[in-house]
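Notes follow the structure.
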There are 2 protein chains.
Amino acid sequence: MTTHRPTGRDEAAAQRPPRGTAFLLAQVGAHAAARFAERISELGLIPAEVGILRMIAARPGRSQRSLAEELGVVPSRIVALVDRLEGKGLLARARNPTDRRNHALQLTAEGGAVMARMRGLAAAHEDQICAALDDAQRAHLSSLLAAIAAQQGLTPGVHPGYQQPPPT
Amino acid sequence: MTTHRPTGRDEAAAQRPPRGTAFLLAQVGAHAAARFAERISELGLIPAEVGILRMIAARPGRSQRSLAEELGVVPSRIVALVDRLEGKGLLARARNPTDRRNHALQLTAEGGAVMARMRGLAAAHEDQICAALDDAQRAHLSSLLAAIAAQQGLTPGVHPGYQQPPPT
DNA sequence: TATTGTTATACTCTATAACTATA
DNA sequence: TATAGTTATAGAGTATAACAATA
């Protein structure tokens with residue numbers, strides 16, 4: 001615990017954390033993202049690729065356009081990511097017989113295997129990042145973060161890479 | 001709160017948050033960073049520039065090399081950032097009389113004024129990001145994050161942009 | 001020789017916009 | 001005419017490495 005501090009006169013100032021909570025969030029979040037990127041590099045993947053694979057695993061057969069919309073990015077960006085993943089043999093663009101304009105994206109067997117390995121890495125990552133906290137603290141942290149995420153309108157499971165800021 | 005959920009038989013599975021804590025950290029952290037970037041764009045600044053200005057304000061006269069080391073980036077990257085800030089009139093490269101190889105970086109008056117405005121924006125940002133939490137919850141979140149940051153060896157006040165991962 | 005800063009260069013990521021094919 | 005996907009292109013950001021000035 002780091003909450004006990006001398007509660008003297010300058011209490012208001014002492015209570016104020018040296019850097020704001022929002023800064024800490026950004027700092028620790030970026031660190032977590034960087035460590036995760038490091039871990040999955042052993043699979044030859046970058047975080048965006050893992051995100052795509054995860055979304056397809058969750059809903060097989062979805063189109064590239066639907067990925068672009070959910071991620072809030074432009075369709076041409078999906079093309080590059082899907083190209084690479086297809087090149088690695090992790091997913092396949094299947095033709096949709098009823099509407100041949102779009103691609104029904106599917107994980108290959110190898111893609112499924114990679115996802116299984118990825119889940120192991122993610123669990124280890126979680127443990128490494130939260131090493132300072134016991135189980136109750138982790139649960140508490142999760143609920144606080146979930147409350148912020150919900151209030152801020154974040155889509156569960158979607159990392160806001162550095163999306164285009166809404167035009168001013 | 002989002003912690004109450006049907007506690008039935010698959011309890012172990014149900015207790016496990018839908019996405020891990022580390023993912024939530026990265027997600028909320030990236031969101032906070034993006035909202036901050038949006039806010040300071042009204043000052044014509046990007047987050048990296050604010051970071052440089054803040055470090056110089058905290059210790060005037062420091063060299064570009066010391067910034068590069070503390071941030072964990074390559075010196076040539078500092079050149080570009082300092083170039084832009086100097087071009088905007090927010091900081092000055094003063095010659096160090098005792099060792100003319102390095103620059104003693106100083107904020108200009110205008111740079112100081114911009115930093116004052118920035119602090120106002122940061123406070124508003126903090127409030128907006130933490131809107132879902134009351135004061136006690138914010139303090140608790142801060143202490144949990146600070147514990148993680150300390151255990152992970154993060155330098156206080158230094159955002160790990162996306163630094164070069166340590167060579168494997 | 002070592003150090004500080006700079007420049008030149010190449011590479012990656014990403015958005016924009018024009019294009020193809022289907023509907 | 002509208003939609004899914006693709007390609008071509010350009011811009012920003014960043015690391016590498018060679019270089020100049022100073023110690």
Side-chain angles (χ1 to χ4, degrees), chain A residues 30 33-34 37-38 41 44-52 55-56 59 61-87 91-106 159-168, chain B residues 30 33-34 37 41 44-52 55-56 61-87 91-106 159-168:
Chain A
E38 216 177 301
S41 72
L45 296 176
I46 61 175
E49 293 171 333
V50 170
I52 297 286
M55 290 169 79
I56 296 172
R59 185 143 62 82
R62 58 189 303 180
S63 69
Q64 297 182 194
R65 159 116 358 212
S66 83
L67 294 177
E69 272 161 15
E70 183 165 329
L71 293 172
V73 301
V74 85
S76 66
R77 185 169 167 187
I78 305 295
V79 173
L81 289 167
V82 170
D83 275 353
R84 286 208 296 212
L85 290 168
E86 196 177 30
L91 66 75
R93 288 170 158 114
R95 272 294 166 198
N96 182 339
T98 68
D99 182 344
R100 303 199 318 178
R101 284 175 304 184
N102 65 42
H103 289 145
L105 300 172
Q106 311 275 359
H159 186 111
Y162 254 41
Q163 292 163 345
Q164 191 87 312
T168 314
Chain B
S41 72
L45 297 175
I46 62 175
E49 293 170 334
V50 170
I52 297 286
M55 290 169 79
I56 296 172
R62 57 189 303 179
S63 70
Q64 297 183 194
R65 159 118 356 214
S66 83
L67 294 177
E69 272 161 16
E70 184 165 329
L71 293 170
V73 302
V74 86
S76 65
R77 185 167 167 189
I78 305 294
V79 174
L81 288 167
V82 170
D83 275 352
R84 285 207 296 211
L85 290 167
E86 196 178 32
L91 65 75
R93 288 171 159 113
R95 273 292 166 199
N96 183 339
T98 69
D99 182 345
R100 302 200 318 179
R101 284 175 305 186
N102 65 41
H103 289 145
L105 301 172
Q106 311 276 358
H159 185 111
Y162 253 43
Q163 292 164 342
Q164 192 85 313
T168 312

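The chains referred to below are lettered A, B, ... by the order of the sequence lines, with proteins before strands, and numbering in each begins at 1. Bear in mind the structure is a predicted one, so any value in this text is a computation, not a measurement.
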Report task. Measure from the side-chain heavy atoms of B:Arg101 and tell me the nearest of C:dT14, C:dG5, D:dA21. Result -> D:dA21

Report summary line: When rounded to whole Å, the NE2 to P distance for the pair A:His103 and C:dT20 reads 17 Å

Query raised in the report: For A:Arg93, which contact category applies under a 4.0 Å heavy-atom criterion: base, sugar-phosphate, or nothing?
Result: sugar-phosphate

Query raised in the report: Under 4.0 Å between a side-chain N/O of A:Arg84 and OP1 or OP2 of C:dC13, yes or no?
Result: yes

**Report entry** Rounded interatomic separation in angstrom, taking CZ from B:Arg95 and C1' from D:dA21
**Finding:** 8 Å

Query raised in the report: Considering heavy-atom distances to DNA chain D, does B:Asp99 or A:Val79 have its closest nucleotide positioned more toward the 5' end?
Result: A:Val79

Requested in this report: Return the set of residues passing side chain to side chain contact (heavy atoms under 4.5 Å, CB included) with B:Glu86 (not counting sequence neighbours), or none when no residue passes.
Outcome: B:Leu91, B:Arg93

Query raised in the report: Expressed in angstrom and rounded to an integer, what is the separation of A:Glu49 atom CD from C:dT14 atom C1'?
Result: 15 Å

Report task. Answer yes or no: is there a donor N or O on one side and an acceptor on the other, between the side chain of A:Glu69 and the main chain of A:Ser66, under 3.5 Å? Result -> no

Report summary line: note: B:Arg100, atom CZ; C:dT4, atom P; distance rounded to Å ~ 16 Å

**Report entry** Minimum side-chain heavy-atom gap B:Gln64-B:Leu105 below 4.5 Å
**Finding:** yes

Report summary line: Of B:Asp83 and B:Glu69, the one whose nearest nucleotide on DNA chain C sits closer to the 5' end is B:Glu69

Requested in this report: Would you indicate which nucleotide in D:dA23, D:dA15, D:dG5 comes nearest to any side-chain atom of B:Arg77?
Outcome: D:dA15

Query - Nearest-Å distance for atom pair CD1/C1', residues A:Ile46 and C:dT14 - result: 12 Å

Query - Among B:Arg95, B:Arg62, B:Arg65, side-chain contact (heavy atoms from CB on, under 4.5 Å) partner for B:His103 - result: B:Arg95

Query - Length of the line joining A:Arg65:CZ and C:dA23:C1', which is rounded to integer Å - result: 14 Å

Query raised in the report: In whole angstroms, how far is the C1' atom of D:dT6 from the CD atom of A:Glu86?
Result: 13 Å

Report task. When you get a sec, tell me which of D:dA15, C:dT22, D:dG5 is the closest nucleotide to the side chain of B:Ser76? Result -> D:dA15

Report task. To the nearest Å, give me how far apart CD (B:Gln64) and C1' (C:dT6) are. Result -> 9 Å

Query - Contact check, side chains of A:Arg77 and A:Leu71, non-hydrogen atoms, under 4.5 Å - result: no

